[in-house]
There are 2 protein chains.
Amino acid sequence: METDQTTTPGRAAAKRRLPRGSLSREIILAAATTIAQRDGLDGLTFQALGAELGAHPTAVYRHFRDKDELTLGLVDALNAEALAALGEPTEDWAADLAQLAHSIHQVFLRHAAVGQMIAARTARSEHEFRIVERFVSCMRRAGFSDGDAARYYRVFADFVLAYSALDAALAALDPDTRRADLRAWQIEYQTLPPEVYPNTAAIAHLLPALDDPGNFAAAVDLMIDAIRARAQANSG
Amino acid sequence: METDQTTTPGRAAAKRRLPRGSLSREIILAAATTIAQRDGLDGLTFQALGAELGAHPTAVYRHFRDKDELTLGLVDALNAEALAALGEPTEDWAADLAQLAHSIHQVFLRHAAVGQMIAARTARSEHEFRIVERFVSCMRRAGFSDGDAARYYRVFADFVLAYSALDAALAALDPDTRRADLRAWQIEYQTLPPEVYPNTAAIAHLLPALDDPGNFAAAVDLMIDAIRARAQANSG
DNA sequence: ACCTGAACACCGTTCAAGT
DNA sequence: ACCTGAACACCGTTCAAGT
């Protein structure tokens, strides 16, 4: 993490010139990840990046064409981490599917600020292809025709991505706002007038929290159950 | 749409003073929707809003505390439109669930720029409550316990929201970039080396397009099938 | 009370200048 | 070739001034 800034550790941000090759895409992406994690997506500016790197803000432009390209790099890094977190495939395609889903979901929550914006930016990176290959492998092992495997891969993968991005967006709120938000939300549901909202009022005290990790788990179970049922119907 | 600017129709943007009560939350939200639809979310600035309204950019601050509050207003308006688009409930809870899902999805696609950011901003508006009531009603009619109804409501509703936001994000790209993006994406998948990606390569020619409306429809069918199976297991 | 004018801090981006 | 300095257009927001 630390570069060799052994000079005057006290007055850290003293004006100095960076050695020639001290910046690279990898180093910049690592700094960007740190900032996004710490200050959220809004905190990720060229100024902050410069400060974090001990470089001039515009030095980044030598390595990324613009902010959008930097963003794509962050998304790709997230894909890489998700891929690295995957376990080995087993002989149980359904269990593998669940494991894929939960690995991706966890990485999204770990890098919530980046995760929340992946919806818009499908990355087309090497790492994404490898993850797709794993999904498709599960669907073919389930016994689907190629056409069905293609369709169910897309549906399941996009479902995992979309739901993970949603959870990431909530997790990316700073702790105080998030706590206040969840609290206000819960109170409003508890006090809904039963005459107007009979069904909601009846079950309001049983509503799982928005950030209950059981929600995603339940959604994955439902999806896999339905896919398994289709696979059995096909082979039967 | 047009206000009564009957003076000098040729030199439209001439400097003039707005009458006292010409601005309101409704009028501003309508203008904001128009701009977001036409120029995307990036185009929605206070300057653009001022131009669209024929008012000073900062006049909006009299009606909305800041841009975030304006955003929440847009999300609420989207909820209102989704609610208005809902058909009447029938005696078939599963069909009602599907109808809810597709109504919401369609409104998200129609207002793609707003829809793509709903993930982060759960609105807690009157209109949202009414939509929730419809979802919960379906789950209770399915015969679930209150606890199960609460869980499945949350999972299904969040799934619909998340997937709709994902589709909206794609739809919100300007047509040229979107076309180029989809094309590049398809080509890359068609030319994946089969030695490295055997499963993906085998089904690549059958992959449904990212913006194929059949994807969401298939996802909804899977979800409802699984929920119906659970309901039957409970009652049997 | 509602809208305008002027000003401020900040941000992404460009481009010429340093080494 | 890589980093710095200065500058530009634009954006959200504040606040005093008009009517």
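The sequence lines fix the lettering, A, B, ..., with proteins before strands; numbering per chain opens at 1.
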If the condition is side chain to side chain contact (heavy atoms under 4.5 Å, CB included), which residues does B:R25 pass it with, not counting sequence neighbours?
B:H63, B:F64, B:E69
Check side chain to side chain donor-acceptor pair (under 3.5 Å) between [X] and all other residues, then give those that pass, not counting sequence neighbours.
X      : value
A:R134 : none
B:Y61  : none
A:Q37  : A:H111
B:T58  : B:H56

How would you list, by chain and number, every residue that makes a salt bridge (charged side-chain N to carboxylate O under 4.0 Å, His left out) with A:R62, sequence neighbours excluded?
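Checked A:R62 against salt bridge (charged side-chain N to carboxylate O under 4.0 Å, His left out); zero matches.
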How close or far is atom C1' of D:dC2 from atom NE2 of A:H56, stated in whole angstroms?
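Distance check: A:H56 NE2 to D:dC2 C1' gives 13 Å.
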A:R25 CZ to D:dC2 P, straight-line distance once rounded to whole Å
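The distance from CZ of A:R25 to P of D:dC2 comes to 13 Å, rounded to the nearest Å.
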Under 3.5 Å, sequence neighbours excluded: what are the donor-acceptor pairs made by side chains of residues 155-168 of chain A?
| residue | atom | partner | partner atom | Å |
| --- | --- | --- | --- | --- |
| A:D158 | OD2 | A:R154 | NH1 | 3.3 |
| A:S164 | OG | A:V160 | O | 2.7 |
| A:D167 | OD2 | A:H105 | NE2 | 2.7 |

Protein heavy-atom contacts under 4.0 Å, written 5' to 3' over nucleotides 8-19 of chain D as B (base), S (sugar-phosphate only) or - (none), form the string ---SSBB---BB
Decide whether A:S137 and A:E133 meet the rule of one side-chain donor and one side-chain acceptor closer than 3.5 Å.
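Looking only at side-chain atoms, A:E133 and A:S137 do not form any donor-acceptor pair under 3.5 Å.
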Watson-Crick or G-U stems of DNA chain D, 3 or more pairs, under 3.5 Å, by first number:
C:4-8 with D:12-16, C:12-16 with D:4-8
